[in-house]
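Here the structure comes first, spelled out in structure tokens, and everything after it is commentary.
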Number of protein chains: 2
Amino acid sequence: MLAYATTSPTPIGYPTGQTAADPGDLWSTATRQTFARNRAIYSEGDRADRVFKVVSGAVRTFQLLEDGRRQVNAFYLAGEMFGLEATGDYRFSAEAIVASQILVLRRERLSTRIASEPALMGDLWRMTASELERAQAHFALLGRKSAVERVASFLISMGERTGTNGAIELPMSRQDIADFLGLTIETVSRTMTLLEERKLISIPSARRIVIRDRRPLMALDS
Amino acid sequence: MLAYATTSPTPIGYPTGQTAADPGDLWSTATRQTFARNRAIYSEGDRADRVFKVVSGAVRTFQLLEDGRRQVNAFYLAGEMFGLEATGDYRFSAEAIVASQILVLRRERLSTRIASEPALMGDLWRMTASELERAQAHFALLGRKSAVERVASFLISMGERTGTNGAIELPMSRQDIADFLGLTIETVSRTMTLLEERKLISIPSARRIVIRDRRPLMALDS
DNA sequence: CGCAAACTTGAGCGTACTCAAGCGCAGTGG
DNA sequence: CCACTGCGCTTGAGTACGCTCAAGTTTGCG
């Protein structure tokens, strides 16, 4: 699901045969910062002058409606980049879910690097395109799926992303999950219990989910 | 809302001071194709070897779940680009909503152009980033808004995009709108009627909506 | 150990859905 | 000119899924 480094069949931005610099090495000049649990990394309205990459920990990006309703747009885990979409000002906020180490790259510095290595621009574009695809895939979940389907999708996806398919360590709260899936915390909780009763998962502790029967869970994912 | 040509405060991809080529001129070498109403432009699984720009008409991109549930990801109107997000294969489908003229640009050709004018890559990235922001903004609607809020948001947005703030000519059916907003066709219809009863809009004909009182409609938009 | 925060469970409710019928309009043919 | 047909849209009645409000339980941490 998170194949940030996928190469397009017809690579754009550099002649075929020539290979792009490792996007990871973009980050060699970035500064590493530590953010405490629930600490803001950037807020809606801040000038979008940095891009980020998670070293350890987890991050949520979200938006708030006037009346306090919250929509979590995405979770970012170790190795994942965020803040790419912002052009002028950040239109969403980002917070550390748990204590996290984040690589912070100033956009000016990025510009300089790209000026000397134009291929990096293509990498940046592909990462953003990837993120866009991920976002669009989330539409069907929010617009058309039932609560069970949403939670099943979420667990499958988290299992794949953390690599630890089977036993999943959730960094985020039920409230975070609810706001990501467009549900209430109660519905998320009830649905987890339901999946456990159906023996599809087990819940040794609230933040630890074990996938017992992957097949029917994936069927729910649609 | 659709400021594809926005320049980032710290432009990335070309040295400051140097200005990018007009992204519009990208399309000078594209071929123009006409698609009839409901004709597929590309389908999920097709190789993503082209990008598109609407000249006239309207396009929907969407995904289908196994059981036939449909989520419309976006509508594209005259002047708007689509198909940017696809890397390997298209993961969504695109169809003409009404008879439409579409500029079709092969990615190979795009690559060639970019090789000689690297600044174009930056434009491509900014357009994709813009599209990503638009997608993320749609999350709050799908995840957290009521039916009235969704329909109000939609009408406001369509009013702004078509320029004809006030009298909106809708190219898409109620079903398309429902699948875009994550509602059923009945709820969309009922909600339109409700807004008309409240004198916020009038509906001279199903495809023609006039915004009578913008203020409370925007308040609903949140 | 004690407290607060996070999570779970329960009961009742409401919004949007499902199923179904009816309406309106454009196109076609008698 | 009007009946007929088909499609898109609207309206109605009943239902269900997820929400709200509330209480209770568990967990983590000082």
Side-chain angles (χ1 to χ4, degrees), chain A residues 36-38 58 60 65 67-72 97-99 141-155 168-198 201-209 220, chain B residues 37-38 60 65 67-72 97-99 141-155 168-198 201-209 220:
Chain A
R37 182 176 131 90
N38 292 329
R60 61 176 166 255
L65 304 186
D67 58 1
R69 282 177 290 178
R70 186 179 71 153
Q71 176 65 41
V72 169
I97 294 173
V98 294
L141 182 143
L142 290 175
R144 285 287 172 243
K145 288 188 180 178
S146 69
V148 217
E149 291 172 326
R150 292 183 200 204
V151 172
S153 291
F154 173 72
L155 292 175
I168 306 166
E169 209 70 50
L170 296 177
M172 69 289 285
S173 69
R174 292 288 186 273
Q175 188 63 63
D176 287 331
I177 299 172
D179 289 345
F180 179 62
L181 298 180
L183 299 171
T184 58
I185 182 173
E186 294 94 334
T187 299
V188 170
S189 187
R190 273 187 252 274
T191 305
M192 294 262 197
T193 306
L194 178 74
L195 291 175
E196 189 179 34
E197 283 166 1
R198 287 199 204 160
I201 63 173
S202 57
I203 314 179
S205 79
R207 299 292 182 103
R208 195 177 173 77
I209 310 288
L220 280 176
Chain B
R37 182 176 129 90
N38 293 328
R60 60 176 167 255
L65 304 186
D67 59 1
R69 281 177 290 178
R70 187 179 71 153
Q71 175 65 40
V72 169
I97 295 173
V98 294
L141 183 144
L142 290 175
R144 286 286 171 243
K145 289 189 181 176
S146 69
V148 217
E149 291 172 327
R150 293 183 200 204
V151 172
S153 290
F154 173 73
L155 292 176
I168 306 167
E169 209 69 51
L170 295 176
M172 69 289 284
S173 69
R174 292 288 187 272
Q175 187 63 63
D176 287 331
I177 298 172
D179 289 345
F180 178 63
L181 299 179
L183 299 171
T184 58
I185 182 175
E186 294 94 334
T187 299
V188 170
S189 187
R190 273 186 251 274
T191 305
M192 294 261 197
T193 305
L194 178 73
L195 290 175
E196 188 179 34
E197 283 166 2
R198 288 201 204 158
I201 63 173
S202 58
I203 314 180
S205 79
R207 299 292 181 101
R208 194 175 173 80
I209 310 288
L220 280 176

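Lettering of chains follows the sequences in order, A, B, ..., and the numbering in each one begins at 1.
Recorded end-axis angle for the helix from dC1(C)-dG30(D) to dG30(C)-dC1(D) stands at 30°, based on five pairs per end and rounded to 10 degrees.
Between Ala206(A) and Lys145(A), the residue whose closest nucleotide on DNA chain D is further toward the 5' end is Lys145(A).
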Strictly under 3.5 Å: I want the nitrogen or oxygen pairs between protein and nucleotides 21-24 of chain D, one per line.
residue	atom	partner	partner atom	Å
dC21(D)	N4	Glu186(A)	OE2	2.9

Mind listing the N/O atom pairs, protein and nucleotides 21-23 of chain C, below 3.5 Å?
none

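The salt bridge (charged side-chain N to carboxylate O under 4.0 Å, His left out) search around Arg60(A) returns Glu95(A), Asp176(A), not counting sequence neighbours. With sequence neighbours excluded, no residue forms a side-chain hydrogen bond (donor to acceptor under 3.5 Å, both in side chains) with Thr193(A).
Backbone-only contact: Arg37(A) has heavy atoms under 4.0 Å from sugar-phosphate atoms and none from a base. Nucleic acid contact for Ser205(A): none, since no nucleic acid atom lies under 4.0 Å from a heavy atom of the residue.
The interatomic distance linking Arg144(B) (CZ) with dT15(C) (C1') rounds to 15 Å, in whole Å. In this structure, Leu181(B) atom CG and dA16(C) atom P are separated by 12 Å, rounded to whole Å. Regarding Met192(B), its CE atom lies at a distance of 17 Å from the C1' atom of dG24(C), rounded to whole Å. Separating the CD1 atom of Ile185(A) from the P atom of dA6(C) is a distance of 9 Å, rounded to the nearest angstrom. Straight-line distance from the CD atom of Glu197(A) to the P atom of dT8(C): 12 Å, rounded to whole Å. Rounded to a whole Å, the CD1 atom of Ile209(A) is 11 Å from the C1' atom of dC7(C). In this structure, CG of Leu183(A) is placed 14 Å from P of dT8(C), rounded to the nearest angstrom. For Leu194(B) and dT11(D), the CG to P distance is 11 Å, given to the nearest whole Å.
Put simply, the side chain of Arg207(B) gets close to the backbone of Pro171(B): a donor and an acceptor are under 3.5 Å apart.
Using a 4.5 Å heavy-atom cutoff, the side chains of Glu149(A) and Arg144(A) are not in contact. Side-chain contact between Leu194(A) and Arg198(A): present, with at least one pair of heavy atoms (C-beta onward) separated by less than 4.5 Å. Counting only heavy atoms from C-beta outward, the side chains of Leu195(B) and Leu220(B) approach each other to under 4.5 Å. In this structure, Lys145(B) and Leu65(A) have side chains that are in contact, with non-hydrogen atoms separated by less than 4.5 Å. Between Ile201(A) and Ile168(A) the shortest side-chain heavy-atom distance does not fall below 4.5 Å.
The stretch residues 173-180 of chain A has no heavy atom under 4.0 angstrom from DNA chain D at all.
For dT11(D), one of the phosphate oxygens OP1 or OP2 lies less than 4.0 angstrom from a side-chain nitrogen or oxygen of Thr193(B). For dA16(C), neither phosphate oxygen OP1 nor OP2 lies less than 4.0 angstrom from any side-chain nitrogen or oxygen of Thr184(B). The side chain of Arg208(B) contributes no N or O atom lying less than 4.0 Å from OP1 or OP2 of dC9(D). For Thr187(A) and dG18(D), the shortest distance from a side-chain N or O to OP1 or OP2 is not below 4.0 Å.
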Would Thr191(B) and Arg150(B) satisfy side chain to side chain contact (heavy atoms under 4.5 Å, CB included), going step by step from the backbone distance to the final call?
CA-CA 10 Å; Thr191(B) 305; Arg150(B) 293 183 200 204; over 6 Å; no
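The nucleotide whose nearest atom lies closest to any side-chain atom of Arg207(B) is, among dA6(C), dG8(D), dC17(C), dG8(D). You'll find that the side chain of Ser189(B) is closest to dC9(D), out of dG18(D), dC9(D), dT9(C).
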